[in-house]
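Shown next, in structure tokens, is the structure this report addresses.
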2 protein chains.
Amino acid sequence: MPKVETFDRNTVLQKATEVFHKKGYNGTSMQDLVDATSLNRSSIYNSFGSKLNMFMEVLSHYQSLYGNNFSQKLAQSYNATEAVEAIFNLYVHEIINDNDRKGCLVINCKSEMTNQEPLIKSFMEKNQDRMIAMLEDIVTKGQMEKIFNQNQTASQYALYLFSSIQGLRMTGILNKNEEDLRNLIRTILKVLY
Amino acid sequence: MPKVETFDRNTVLQKATEVFHKKGYNGTSMQDLVDATSLNRSSIYNSFGSKLNMFMEVLSHYQSLYGNNFSQKLAQSYNATEAVEAIFNLYVHEIINDNDRKGCLVINCKSEMTNQEPLIKSFMEKNQDRMIAMLEDIVTKGQMEKIFNQNQTASQYALYLFSSIQGLRMTGILNKNEEDLRNLIRTILKVLY
DNA sequence: TTATTTTTGAAACGATCATTTCAATTAAAG
DNA sequence: CTTTAATTGAAATGATCGTTTCAAAAATAA
């Protein structure tokens with residue numbers, strides 16, 4: 001029957017992710033994507049539909065990479081403290097190794113496109129729900145273990161942590177001093193204890 | 001001698017600010033700016049030099065509007081608690097009235113352009129220095145008044161507040177529930193006391 | 001091998017991009 | 001009123017935008 005896709009979809013998505021991450025959605029041209037992926041224009045359109053569609057897949061790809069990292073770290077954690085610190089350590093690592101100051105693809109996209117593209121807005125809503133649910137689980141666990149206080153509900157602390165992560169990620173674009181970042185995180189987490 | 005600029009530069013900057021804020025730098029075309037400002041193309045280039053140059057002026061314009069607001073609120077504050085709360089109230093107000101979810105122009109620009117435009121990077125560095133200096137002043141005052149604790153230095157708390165503000169502003173793009181936001185801020189500020 | 005179906009490559013689509021050009025217009029100064 | 005110098009309007013610049021077209025190439029199933 002038909003000829004089949006010759007390229008590896010994940011590799012292509014990875015290359016596309018790099019371009020979008022570096023230049024942003026509006027800053028990335030289809031030519032950039034052709035160059036980065038070594039795919040032909042028509043192959044991209046044939047396989048991904050449109051620039052926006054490809055970007056949506058890139059977002060999911062990026063998210064699932066992160067999600068897997070998260071799950072792995074969380075599974076290795078004995079208690080809520082370790083879990084929450086594993087998460088923040090992941091971000092510190094991400095920030096310090098982000099040599100060209102791209103920041104977080106998802107956060108960049110949130111600020112660039114949430115008010116322009118309904119698809120992005122709903123992606124961001126789901127992303128927030130997922131993140132907050134995960135954080136709430138950890139906080140609940142920590143509160144049950146009496147490691148975290150109960151001054152605020154798990155849901156409130158989850159929103160606080162979600163917000164703090166976004167702030168950390170934005171701060172990390174310019175500030176890459178590890179000691180400063182670790183101090184910052186210590187301050188962020190203090191309210192939980 | 002020469003004919004003089006007929007338009008009001010501040011009005012034009014205001015209109016340009018609205019467009020850039022709504023669409024982002026890369027999402028804004030010169031045609032958008034022509035339409036919004038009712039200026040002719042050549043007048044824009046004659047008066048502002050280039051799109052990037054105009055954007056830099058827009059950033060300064062936006063920043064000075066905010067800065068004035070800040071100074072005013074701070075001058076009206078009796079103590080550090082009032083000062084810090086005045087600042088966060090300003091952001092809550094900004095978030096709640098941001099009906100089209102544009103977020104903060106400066107933060108959006110930071111994530112979109114810091115890694116692409118040296119002029120923007122240095123603007124953001126100066127912006128961060130200014131913000132942190134102001135926050136550090138408030139924290140120092142609060143610590144001297146024994147209102148804030150001394151668990152961390154004023155400089156560390158300032159970075160924490162700066163980071164928290166960015167997080168709050170990002171969170172506010174999707175979450176506009178005032179009670180949630182006020183809870184979030186309460187949690188953020190608790191560490192100071 | 002042949003028929004079938006899809007992916008490719010290369011070129012072209014019209015629209016829009018940021019910027020420039022230049023003559024016409026305008027307003028202040030002499 | 002004339003001179004002078006900057007601001008305007010309108011059109012055009014070449015480049016690039018995202019997307020489409022279509023014939024050639026390729027790979028599977030019969």
Side-chain angles (χ1 to χ4, degrees), chain A residues 1-59 105 108-109 112-113 116-120 123, chain B residues 1-59 105 108-109 112-113 116-120 123:
Chain A
M1 269 217 229
K3 181 181 175 186
V4 88
E5 264 182 16
T6 60
F7 59 86
D8 176 50
R9 202 174 176 88
N10 269 338
T11 308
V12 166
L13 277 177
Q14 187 51 44
K15 289 292 183 187
T17 301
E18 285 165 23
V19 184
F20 278 126
H21 196 171
K22 184 171 175 185
K23 303 191 159 198
Y25 180 77
N26 286 311
T28 299
S29 70
M30 200 47 83
Q31 187 60 49
D32 291 332
L33 295 167
V34 167
D35 294 343
T37 61
S38 303
L39 248 56
N40 190 274
R41 272 179 157 60
S42 48
S43 300
I44 295 183
Y45 277 93
N46 191 59
S47 300
F48 296 95
S50 68
K51 182 186 171 190
L52 179 60
N53 225 281
M54 183 177 212
F55 185 63
M56 296 307 298
E57 287 206 33
V58 157
L59 276 182
L105 175 64
N108 294 351
C109 172
E112 183 181 11
M113 305 179 72
Q116 300 278 65
E117 279 294 339
L119 282 176
I120 296 291
F123 175 93
Chain B
M1 269 217 222
K3 180 181 176 186
V4 87
E5 264 181 15
T6 59
F7 60 86
D8 176 52
R9 204 175 175 86
N10 268 339
T11 308
V12 166
L13 277 177
Q14 186 52 43
K15 289 292 183 186
T17 301
E18 286 166 23
V19 184
F20 278 126
H21 196 171
K22 183 171 175 186
K23 303 192 159 196
Y25 180 77
N26 286 310
T28 298
S29 70
M30 201 46 84
Q31 187 59 50
D32 291 332
L33 294 167
V34 167
D35 294 342
T37 61
S38 303
L39 249 58
N40 190 273
R41 272 178 159 60
S42 47
S43 300
I44 295 183
Y45 277 94
N46 191 61
S47 300
F48 296 96
S50 69
K51 183 186 170 189
L52 180 60
N53 226 280
M54 184 179 213
F55 185 63
M56 296 307 298
E57 288 206 32
V58 157
L59 276 182
L105 175 65
N108 294 352
C109 171
E112 184 181 10
M113 304 180 72
Q116 301 277 67
E117 279 293 342
L119 282 176
I120 296 291
F123 175 92

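We name chains A, B, ... by the order of the sequence lines, and we start the count at 1 in each one. These figures come from a predicted structure and were not determined experimentally.
- For the 3.5 Å distance criterion, the side chains of A/N53 and A/E57 fail to qualify, holding no donor opposite an acceptor.
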* Residues A/T37, A/V19; criterion side chain to side chain contact (heavy atoms under 4.5 Å, CB included); working and verdict -> CA-CA 9 Å; A/T37 61; A/V19 184; over 6 Å; no
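- For the pair B/K51 and B/Y25, the cation-pi criterion (under 6.0 Å, within 45° of the ring axis) is fulfilled.
- Of the residues in residues 11-18 of chain A, none lies under 4.0 Å from DNA chain D by heavy-atom distance.
- Within the 3.5 Å criterion, the main-chain N or O of A/S47 finds a donor-acceptor partner in the side chain of A/R9.
- Among the protein residues, A/F48 comes within range of no part of the nucleic acid, since none of its heavy atoms lies under 4.0 Å from any strand.
- For the residue pair B/N10 / B/Q14, no side-chain donor-acceptor distance below 3.5 Å is found, with atom types taken as modelled.
- Per the geometry, CG belonging to A/L33 stands 10 Å off P belonging to D/dC17, to the nearest Å.
- With B/N46 contributing its side chain and B/S43 its backbone, the two residues share no donor-acceptor pair below 3.5 Å.
- Judged by distance alone, with hydrogens and angles left aside, the side-chain atoms of B/E112 form a donor-acceptor pair with the main-chain N or O of B/N26 at under 3.5 Å.
- Note that the two end axes of the helix from C/dT1-D/dA30 to C/dA12-D/dT19 enclose an angle of 20°, each drawn from 5 base pairs, rounded to 10 degrees.
- Heavy atoms only, all atoms of each residue included: B/M56 and B/L119 are closest at CE-O, 3.7 Å.
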* Reading nucleotides 9-22 of chain C 5' to 3', which nucleotides get B (base under 4.0 Å from a protein heavy atom), which S (sugar-phosphate only), which -? -> BBB-----SSBBB-
* Going through the distances and angles, do A/F55 and A/L105 end up as a side chain to side chain contact (heavy atoms under 4.5 Å, CB included)? -> CA-CA 11 Å; A/F55 185 63; A/L105 175 64; 4.3 Å; yes
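- Between A/F123 and A/E117 there is no side-chain heavy-atom pair separated by less than 4.5 Å.
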